[in-house]
Amino acid sequence: MPTLLILGGTTEARALAAACADLVPTVTSLAGRTSEPLAVAGQVRVGGFGGVDGLTRYLREQRIGAVVDATHPFAATMSAHAVAAARAAAVPLVVLRRPGWTERPGDRWHRVPSMAAAAGLLPGLGRRVFLTTGRQSIAAFAALDDCWFLSRSVEPPSPPMPRHLDVLLDRGPFGPAGERALLAGHRIDVLVTKDSGGATAKLDAARELGIPVLMVDRPPAGFAPIVAGVGDALRWLLRTGFTAVRQAPPIRSTTVS
Ligand code: NAP
C-alpha cells in the first residue's frame, strides 16, 4: 500500500496522523526545530529533505501515494518545496491549513505584511511588548533598544536579540485566564503575533484589556488545494484512493495551538 506523507509541526498534523496511522502507512515529517517534540502516531522522520530535489527523490523512493502539507501557515519555504516536488513526482498534494483570525468588535489590530514592518510600527504603539511570533522571528526586533520584550517560545531564542528581553519558555494551549494574568502582570501595552489562526485566548485577553495587536499577515499560499480541518483532509485522502481512511474515527474539532 502506498504511504501517506504528512509534513508536520502542527496540532493538525498530529491529529491527522492519529486518525490515519492504524489504517494506512503514515510518515510524519518534522523539521527538527524542537528538541522534545510532542508524540506523533505512526512513523516519524526528522530533518530537511534537501530542497525540492531531495523531497522529489524521497517521494519516489518511499512510494509516497499522497502528501498532506500540514505545516504551520508561516512555513512558506517548506510549503513551496512541497508544491514543486509533488508536481515533479506526480504525487497528489493537499494543504491542511487552519483559517486565519478575523478582527472582532473591540479589537485594536494593526495588520502588517512582515516582521520588519511590525518592528517599524512597534515603538509608536507601545513599549512593553508581548512577542508571540516564535524564536526565529526575534532577530527582527533586535535593534529596538527603547522597548522591553516578553517573548514566549518552546525553545530558547538565539542572538541577535533585543537588549531588554525576558524569555518565557512554554508550550500551548494557553487559556483565557492565564493570558489575561500574563498581560496584566507584566503591564504589557502591545502584543505582536503572527496570524497563525487557532486558539484565540491571547487575542481575547488583549481585547478585554484594550491592548493593541500587531498582526503579521500570512505569507502567500502556493498553488495547491487547501482544506481547513482534519475531517476535510480525510475526505480528500478518500478521494485520492486511500480508501482505508473511511474507517477513521469521527473527528472532533481539534483544539489548535
Ligand atoms: P520553512 O522556513 O518553511 O522551511 C525551511 C526548511 O526547513 C525547509 O526548506 C526544509 O528543509 C525544512 N523543513 C521545514 N519543515 C519541515 C518538515 N515538516 N519536515 C522536514 N523538513 C522541514 O519552515 P519553518 O518556518 O522554519 O518551520 C519549521 C517547522 O516548524 C515546520 O514543520 C512548521 O510546521 C513548524 N512550525 C513553524 C512555525 C512558524 O512560525 N514558522 C510555527 C510552529 C511550527 P529542506 O529544504 O532541506 O527540505
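Quick note: residue numbers are just sequence positions, from 1. Note that this is a predicted model, so its numbers are computed, not measured.
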Is there a path of hydrophobic side-chain contacts, each under 4.5 Å between heavy atoms of I/L/V/M/F/W/Y residues, joining Ile188 to Phe141? no
Look up atom CG in Leu93 and atom CH2 in Trp236, then write down how far apart they are to the nearest 0.5 Å. 6.5 Å
Spell out, yes or no, whether Phe242 and Val91 are grouped together once hydrophobic residues are joined by side-chain heavy atoms under 4.5 Å, including indirect joins. no
Distance-minimising heavy-atom pair for Val52 and Ala84: CG1-CB, 3.7 Å
Would you call Val68 and Leu5 a side-chain contact if the rule is heavy atoms closer than 4.5 Å? no
Please report the closest heavy-atom contact between Pro157 and Ile138, naming both atoms and the distance. CB-CD1, 3.5 Å
One pair to check against side chain to side chain contact (heavy atoms under 4.5 Å, CB included): Met78 and Phe49. What are the steps and the verdict? CA-CA 10 Å; Met78 187 69 253; Phe49 294 96; 4.1 Å; yes
Atom pair CD (Glu208) and CG (Leu183), whose distance is rounded to the nearest 0.5 Å: 10.0 Å
Would you check if the side chain of Lys202 reaches a backbone N or O of Glu179 as a donor-acceptor pair within less than 3.5 Å? no
Report yes or no: do Ile64 and Met1 belong to one cluster of Ile/Leu/Val/Met/Phe/Trp/Tyr joined by side chain heavy-atom distances under 4.5 Å? no
Do Asp170 and Val154 have side chains that get closer than 4.5 Å, going by heavy atoms? no
I'd like to know if Arg207 pairs up with Glu103 as an ion pair, taking the criterion as any Lys NZ or Arg NE/NH1/NH2 lying under 4.0 Å from an Asp or Glu carboxylate oxygen. no
Apply side chain to side chain contact (heavy atoms under 4.5 Å, CB included) to Arg128 and Cys147, showing your working. CA-CA 6 Å; Arg128 295 186 61 83; Cys147 295; over 6 Å; no
Under the 3.5 angstrom rule, does the side chain of Arg246 hit a backbone N or O of Leu238 as a donor-acceptor pair? no
Is it true that, when you exclude Arg111 itself, more than 12 heavy atoms of the residues, nucleotides or ligands shown sit nearer than 6.0 Å to its CZ? yes
Should Val192 and Phe149 count as side-chain neighbours, where that means a heavy-atom distance under 4.5 Å? no
In plain terms, say whether Asp232 and Arg235 are close enough for a salt bridge, that is, a side-chain N and a carboxylate O under 4.0 Å apart. yes
Taking Thr56's backbone N and O only, do any of them form a donor-acceptor pair with Arg60's side chain (distance below 3.5 Å, no angle check)? no
If you measure from OG1 on Thr3 to CZ on Arg63, what distance do you get to the nearest 0.5 Å? 7.0 Å
Does Ile6 belong to the same Ile/Leu/Val/Met/Phe/Trp/Tyr cluster as Leu55, with side-chain heavy atoms less than 4.5 Å apart forming each link? no
Would you say that Pro92 contacts Thr240 through its side chain, given a criterion of any heavy-atom pair below 4.5 Å between the two side chains? yes
Where is the tightest heavy-atom contact between Pro249 and Ala19, given as atom of each residue plus distance? CD-O, 4.4 Å
Quick one: does Thr200's side chain have a donor or acceptor within less than 3.5 Å of a partner on Leu203's backbone? no
State, yes or no, whether a side-chain contact exists between Leu182 and Phe174 at a heavy-atom distance under 4.5 Å. no
Please report the closest heavy-atom contact between Leu96 and Ala233, naming both atoms and the distance. CD2-CB, 4.3 Å
Examine the side chains of Arg97 and Ser79 and answer whether a donor and an acceptor come within less than 3.5 Å of each other. yes
Checking Arg14 side chain against Leu38 main chain: does a donor-acceptor pair fall under 3.5 Å? no
Do Val190 and Leu144 share a hydrophobic cluster, counting only Ile, Leu, Val, Met, Phe, Trp and Tyr and linking them when any side-chain heavy atoms are less than 4.5 Å apart? yes
Test Cys20 against Leu234 for side chain to side chain contact (heavy atoms under 4.5 Å, CB included), laying out the working first. CA-CA 8 Å; Cys20 294; Leu234 288 171; 3.6 Å; yes
Within the 4.5 Å heavy-atom criterion, are Thr102 and Trp109 side-chain neighbours or not? no
What heavy-atom pair brings Gly175 and Ala201 nearest, and what distance separates the two atoms? C-CB, 3.7 Å
Counting C-beta onward and ignoring hydrogens, is there a side-chain heavy-atom pair between Val27 and Val44 closer than 4.5 Å? no
Quick check: do Met115 and Thr133 have side-chain heavy atoms less than 4.5 Å from each other? yes
If every non-hydrogen atom of Arg98 is compared with every non-hydrogen atom of Gly198, which pair is closest and at what distance? CD-N, 3.8 Å
To the nearest 0.5 Å, how far apart are CG in Asp145 and NE2 in His164? 5.5 Å
Spacing of CZ belonging to Phe74 relative to CG belonging to Asp195, to within rounding of 0.5 Å: 6.0 Å
Kindly say whether Glu155 contributes a backbone atom to a donor-acceptor pair with the side chain of Ser153 at under 3.5 angstrom? yes
Say you draw a straight line from CZ of Arg163 to CE of Met161; how long is it, rounded to the nearest 0.5 Å? 13.5 Å
May I have the step-by-step check of side chain to side chain contact (heavy atoms under 4.5 Å, CB included) for Leu214 and Val112, ending in yes or no? CA-CA 7 Å; Leu214 267 169; Val112 287; 3.9 Å; yes
Do Arg45 and Ser29 pair up side chain to side chain, a donor and an acceptor below 3.5 Å, judged on atom types alone? yes
